[in-house]
Amino acid sequence: MAKKLYIKTYGCQMNVYDSERMVDLLKPLGYQVTDEPAEADIALLNTCHIREKAEQKVYSDLGRLRQHQNLRQKQGKSLFIGVGGCVAQAEGEEILKQAPYVSMVFGPQTYHRLPEMIAKIVRQHEGRLPQAGRGIVDTEFPFESKFDALPVPETTNVSAFLSIQEGCDKFCTYCVVPYTRGIEYSRPAKDILAEAKKLVELGAKEITLLGQNVNAYHGQAAFLSNHGSTEWNLARLLRELATLPGLERLRYTTSHPDDMDQDLMDAHGDVPQLMPFLHLPVQSGSDRILQAMNRKHTAKDYLKIIERLRQSRPDIAFSSDFIVGFPGETNEDHQATLKLVQEVVYSQAYSFKYSIRPGTPAGSMDLQVPETVKTERLHELQALLNQQQLAFNQQFLGTLQPVLFDRIGKEEGQLLGKTPYMQSVPVTASKRLFGQLMNVIIKGAHANSITGEVVTEIRKHTA
Ligand code: SAH
Ligand code: SF4
Ligand code: F3S
């Protein structure tokens with residue numbers, strides 16, 4: 001009987017990509033994915049450390065897995081538990097102290113060693129149960145790149161993720177990523193092109209290039225280009241990917257304003273596959289706070305970039321991340337953030353209360369903002385962002401939008417897709433249309449989605 005693997009993913013898309021690769025790694029060992037932790041032989045939590053809440057969730061989920069482990073023990077079976085991702089990287093041994101029933105702790109840069117870790121754990125126990133104090137911790141930042149050890153993908157979603165860059169050297173004072181993911185690293189362009197080609201052959205119509213600072217991409221081409229340059233930037237990579245037949249849509253995330261070069265902004269104007277949507281986090285609209293955050297850009301710099309991108313691609317829609325209640329943030333700073341939001345006009349955005357992260361410079365700054373003030377500011381900011389999002393969606397009423405159906409909806413007979421502008425579109429449609437790019441006439445607009453009807457080919461011809 002096939003062995004079962006349960007895997008839960010927290011955090012950003014990089015973790016989603018990593019989890020998919022873990023599945024690929026364990027498939028040759030006979031592990032099949034299950035959604036039921038109760039029937040799993042191995043359970044992996046791919047964790048996120050970005051805010052305190054994300055971290056706490058891991059420990060409560062571990063408690064639940066412990067119960068499944070106990071139950072399986074009574075049935076004479078075992079459940080080996082592994083904790084990967086950014087909490088694992090940040091806490092290492094500490095996880096084994098708090099949860100001694102965990103067998104493996106591994107970081108975002110060592111998960112390619114999972115097959116060896118699992119073999120070792122299984123051998124150690126020879127079918128017996130996980131024993132306290134015998135867990136493996138591997139949170140190294142190895143010299144070899146995990147990408148070289150990962151297998152070629154065998155399956156894909158219609159909308160696929162492809163990690164091209166990892167880590168971060170920016171050290172924003174609030175953020176754990178440079179510590180959990182390590183220094184910035186760009187994969188060689190030829191490896192990315194080969195993986196993209198494979199994904200398209202397997203049926204991907206949309207590829208989202210991923211990186212914590214994806215627009216800082218500077219990969220070795222590994223061969224000399226016409227201009228003699230051996231290094232590619234993101235614009236060059238996007239242009240090359242756009243030549244892949246069958247690849248209809250390209251996206252990239254997450255970008256930093258400081259790495260938004262002219263070449264990349266131009267690509268938004270002349271690469272038709274590059275979708276008119278950009279997630280470009282600004283964090284705050286106050287220069288004083290931006291400086292304390294070590295963001296190295298002002299609100300004005302950011303607005304200039306937005307303007308230049310709009311010159312390149314007039315219909316481009318923007319999204320951002322915001323942090324409210326950073327240490328020392330006054331009401332005046334907060335008002336500056338609201339003002340920036342009003343100037344940009346976003347199509348969607350994420351906003352968070354500042355969360356103290358141990359070991360980061362901002363964690364020990366004076367003038368931490370009281371929780372009640374953070375809550376108030378978050379509500380105010382979110383009200384404005386929601387209003388903008390709804391207004392953005394309402395503009396689409398009555399228009400025809402190309403929608404790529406990349407998911408099956410929760411309700412019976414429902415498909416979910418995305419417009420070029422990243423709006424979610426749930427519609428009632430035949431499963432036959434799953435994976436297709438279809439025109440949808442928009443008839444409803446809500447804060448988080450737009451809805452409508454698929455315009456069939458027949459209607460298109462008779463219209
Ligand atoms: N590399 C990306 C995003 C990294 S993390 C960037 O620089 O934009 C995703 C988001 O989490 C950040 O943009 C930030 O808004 C938020 N975040 C990071 N650390 C945080 C903290 N300590 N408290 C609250 N939000 C945080
Ligand atoms: Fe974190 Fe800043 Fe790096 Fe983004 S750029 S990952 S917020 S340190
Ligand atoms: Fe979280 Fe790590 Fe991503 S901290 S946001 S999973 S890089």
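We count ligands from 1, going down the list as the structure has it; atoms in each ligand are counted the same way.
Counting only protein N, O or S atoms closer than 2.8 Å to atom 2 (Fe) of ligand 3 gives 1.
In this structure, ligand 1 sits under 4.0 Å from heavy atoms belonging to Ile50, Arg51, Tyr174, Gln212, Thr254, Pro281, Gln283, Arg295, Asp321, Ile323, Phe352, Lys353, Tyr354, Ser355, Arg357.
Taking a cut-off of 2.8 Å, the protein N, O or S atoms nearer than that to atom 2 (Fe) of ligand 2 are Cys172 SG.
If you check the side chains of Gln109 and Glu166, you find a donor sitting under 3.5 Å from an acceptor. Side-chain contact annotation: Thr110 with Glu140, donor-acceptor N/O pair under 3.5 Å absent.
The aromatic rings of His268 and Tyr252 sit tilted relative to each other, their planes meeting at an angle between 30° and 60°. Taking the six-membered ring where tryptophan is involved, the planes of His297 and His256 are perpendicular, since the angle between them exceeds 60° and thus also 30°. Taking the six-membered ring where the residue is Trp, Tyr179 and Phe171 present perpendicular rings, their angle passing 60° and hence far from 30°.
Ion pairing of Glu240 with Lys190 is absent here, as no side-chain N (NZ or NE/NH1/NH2) approaches a carboxylate O to less than 4.0 Å. Between Asp18 and Arg181 there is a salt bridge, since at least one side-chain N of the basic residue sits less than 4.0 Å from a carboxylate O of the acidic one.
Partners of Arg310 under the side chain to side chain donor-acceptor pair (under 3.5 Å) rule, at least two apart in sequence or in another chain, do not exist in this structure.
The number of heavy-atom neighbours closer than 6.0 Å to CD of Gln291, taken from other residues, nucleotides and ligands shown, is 12 or below. By the 6.0 Å contact criterion, CD on Gln262 is enclosed, its count of non-hydrogen atoms from other residues, nucleotides or ligands being greater than 12.
Under the 6.0 Å cut-off for aromatic ring centres, Phe318 and Phe277 do not qualify, their centroids lying 6.0 Å or more apart.
Looking at Asn15, its side chain never comes within 3.5 Å of a backbone N or O of Gly85 through a donor-acceptor pair.
When the heavy atoms of Arg357, Gln212, Glu55, Gln13 are ranked by distance to atom 7 (S) of ligand 3, first place goes to Gln212.
Cation-pi geometry between Arg21 and Tyr111 is not met: the NZ or CZ atom fails to fall both under 6.0 Å from the ring centre and inside 45° of the normal.
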